[in-house]
Amino acid sequence: MLDKNGIAQRIAKEVKDGYYVNLGIGIPTLVANYVRDDIQVEFQSENGILGMGPFPIKGEEDPDLINAGKQTITALPGASFFDSAMSFGMIRGQHVDLTILGAMEVAQNGDIASWKIPGKLVKGMGGAMDLVGSAKNIIVAMTHMNKYGDSKLLKRCNLPLTGVQCVKTIVTDMAVLKVTEEGFKLMERAPGVSVEEIKKATEGTLIVEGDIPEMKL
Amino acid sequence: MIKKTVANVEEALEGVEDNMTLMLGGFGLCGIPENSIAELVKRNVQNLTCISNNAGVDDFGLGLLLKQKQIKKMIASYVGENAEFERQMLSGEMEVELTPQGTLAAKCQAAQQGYPAIYTPAGYGTEVALNKETRMFDGKMYVMEHAYKADFAFIKAWKGDEAGNLIFNGTARNFNPIMCGAAKITVVEVEELVKPGKLDPNQIHIPGIFVQRIFQGKDYEKRIEQLTVREA
């Protein structure tokens, strides 16, 4: 089984040279730490920056320079700032190549639920609905099961949806899966995790074809 | 040149009344109109509808208006940083309309630019699209969203001149430029108010035509919500 950093490390391999990438809050934010440094990648934060850099050195933080998680950040050489309409224009207009975000549930048709648990406190969807509604390529980073041991990879989502038929790839602590018309196609196993264990942890239809390789991190 | 300057925040908020709809710039506490919010608190106007991406924190930003129960309805994309907000939302004292962030931006910009409505894919197939017109373009489904209608927009800019031309700083830009001219009256506070000619026309982010009142702000706190740093 992978920890959060392991999931981020595996997803980082999907980030290709020349990509503009939007990272969600949580595990996705960690992906930036593992992207190869011999490729050119720019990170977008939807509050209005392209070319987001690491956290500032202590004492150099600027209240006018934050990411969508409201954390203080830096701008790398070549960065740009813009307003929220232009930012979502980049997203809606499919100029951002890859969106990586977390989820509470994913259905085998690519539906995603990530913003609301009825009866519990609702904080809002932020930019998630815009991101999943338009992105060309969406990777979900999440644990395979919730804290009660229930599968988060389902036939149909139970929770209110964030978007429909949009998720392409899911990287969990147990596996890499692709959304296909027939169901979740198992691509890779996490180190030390068997196909049987993944089957047991997946409520939706799981397609296993041939030998499933172990992930290389 | 058409002069937009007013003497102070009191004059800038002339005409703000109970039951009005207000737009407020900012993302979290970044780029919020601190002076105008303080004056709204002082005037204690009631039953406000506020359109803003977030709702501040308990003791700053829009949280100050919440504390005095001045907000009847909040339109925002994310409201997770404020305990008093949660309390008023769960008790039903305040109505909340959660809107996808890009849709919120588009509805402001549509108001600014004279579009009655826009189509967006955000929220299609979710509860956000309930009871809204949907339509297919090129095989993809979209939701129709109306432009906002607001009485006042409260904006924070970095620099501005007496003609109302504005320049923003860093990610404090966010919703501020697209709310300019999106309400009947746009009120701008700036960190530095300069004479006409002092700003390079090539560098202006928002032309003064979108601004009715501009004033020199003061005593900016510029609070940081999540201080994240690394060691040198």
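We name chains A, B, ... by the order of the sequence lines, and we start the count at 1 in each one. Below, each value reflects all heavy atoms present in this structure, side chains not excepted, and no hydrogens, waters or symmetry copies.
- A distance of 8.5 Å separates CD of A:Glu46 from OG of B:Ser77, quoted to the nearest 0.5 Å.
- A:Ser84 contributes no side-chain N or O that, together with a main-chain N or O of B:Ala105, makes up a donor-acceptor pair within less than 3.5 Å.
- Surrounding NZ of B:Lys140 are more than 12 heavy atoms belonging to other residues, nucleotides or ligands, all under 6.0 Å away.
- Neither the backbone nor the side chain of B:Met141 comes within less than 4.5 Å of any heavy atom in chain A.
- In the displayed structure, B:Arg87 atom CZ is contacted under 6.0 Å by more than 12 heavy atoms of other residues, nucleotides or ligands.
- Using a 4.5 Å cut-off between heavy atoms, B:Gln109 contacts chain A through its side chain alone, with no backbone atom that close.
- Residue A:Ala79: no heavy atom, backbone or side chain, is found under 4.5 Å from chain B.
- With a 4.5 Å cut-off on non-hydrogen atoms, B:Asn54 touches chain A through its side chain but not through its backbone.
- In this model, a donor atom of one side chain and an acceptor atom of the other lie less than 3.5 Å apart for A:Asp64 and B:Asn169.
- Heavy atoms of A:Asp111 lying under 4.5 Å from chain B are absent altogether.
- Put simply, of B:Glu86, B:Gln101, B:Glu127, the one with the most heavy-atom pairs under 4.5 Å next to chain A is B:Gln101.
- Looking at B:Val128, the atoms closer than 4.5 Å to chain A (heavy atoms on both sides) all sit in the side chain, from C-beta outward.
- B:Thr171 places no side-chain N or O within 3.5 Å of a backbone atom of A:Gly48 that could act as its donor or acceptor partner.
- Rounded to the nearest 0.5 Å, atoms CG (A:Leu161) and OH (B:Tyr124) are 11.5 Å apart.
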Please determine whether side-chain contact (heavy atoms from CB on, under 4.5 Å) holds for the pair B:Glu231 and A:Phe55, giving the CA-CA distance in whole Å, both sets of side-chain angles, and the decisive distance to 0.1 Å. CA-CA 9 Å; B:Glu231 297 301 325; A:Phe55 295 148; over 6 Å; no
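- Between B:Pro121 and A:Ser134, the closest heavy-atom pair is CG-OG, 3.3 Å.
- For chain A, the nearby part of B:Ala106 is the side chain; its heavy atoms alone come within less than 4.5 Å.
- Applying a 4.5 Å heavy-atom cutoff, the residues of residues 85-101 of chain A that approach chain B are A:Ala85, A:Phe88, A:Arg92.
- Annotation: A:Lys155, atom NZ; neighbour count of heavy atoms from other residues, nucleotides and ligands within 6.0 Å is above 12.
- For A:Asp130 against B:Pro100, the heavy-atom pair with the smallest separation is OD2-CB, 3.3 Å.
- Rounded to the nearest 0.5 Å, atoms CG (B:Leu227) and NZ (A:Lys58) are 9.0 Å apart.
- Within 6.0 Å of the CD1 atom in B:Ile209, the count of heavy atoms belonging to other residues, nucleotides or ligands does not exceed 12.
- Listed options A:Gly127, A:Gly126, A:Gly124 were ranked by heavy-atom pairs under 4.5 angstrom with chain B; first place goes to A:Gly126.
- If you tally non-hydrogen atom pairs under 4.5 Å between each of A:Asn67, A:Ile57, A:Thr162 and chain B, the highest count goes to A:Ile57.
- Each of B:Ala172, B:Ala232, B:Gly170 has some count of heavy-atom pairs under 4.5 Å with chain A, and the biggest count is that of B:Gly170.
- Using a 4.5 Å cut-off between heavy atoms, A:Val122 contacts chain B through both its backbone and its side chain.
- Atom NZ of A:Lys13 has more than 12 neighbouring heavy atoms from other residues, nucleotides or ligands inside a 6.0 Å radius.
- With chain B as partner, the option from A:Gly59, A:Ala68, A:Ser45, A:Ser80 having the largest number of non-hydrogen pairs under 4.5 angstrom is A:Ala68.
- Atom CG of A:Asp38 has more than 12 heavy atoms from other residues, nucleotides or ligands within 6.0 Å.
- Between the CE atom in A:Met125 and the OH atom in B:Tyr78 there is a gap of 11.5 Å [rounded to 0.5 Å].
- Most heavy-atom pairs under 4.5 Å with chain A: of the set B:Phe85, B:Trp158, B:Phe175, B:Phe168, this distinction falls to B:Phe175.
- Among the candidates B:Asn82, B:Thr99, B:Asn53, the residue making the largest number of heavy-atom pairs closer than 4.5 Å to chain A is B:Thr99.
- Between chain B and the options A:Glu61, A:Gln165, A:Glu60, heavy-atom pairs under 4.5 Å are most frequent for A:Glu61.
- Scanning both residues, A:Trp115 and B:Leu98, for their nearest heavy atoms gives CZ3-CD1, 4.1 Å.
- Ranked by heavy-atom pairs under 4.5 Å with chain A, the list B:Glu225, B:Arg230, B:Arg173 is led by B:Arg230.
- No donor-acceptor pair under 3.5 Å is formed between the side chain of A:Asn47 and the backbone N or O of B:Asn174.
- Of the two parts of B:Ile224, only the side chain, counted from C-beta on, holds a non-hydrogen atom closer than 4.5 Å to a non-hydrogen atom of chain A.
- In the displayed structure, B:Lys132 atom NZ is contacted under 6.0 Å by more than 12 heavy atoms of other residues, nucleotides or ligands.
- Interatomic distance, B:Gln226 CD to A:Ile73 CD1, rounded to the nearest 0.5 Å: 13.0 Å.
- Around the OH atom of B:Tyr115, the shell of radius 6.0 Å holds no more than 12 heavy atoms that belong to other residues, nucleotides or ligands.
- Here the straight-line distance linking atom CG of A:Asp83 with atom CD1 of B:Ile206 works out to 7.5 Å at 0.5 Å rounding.
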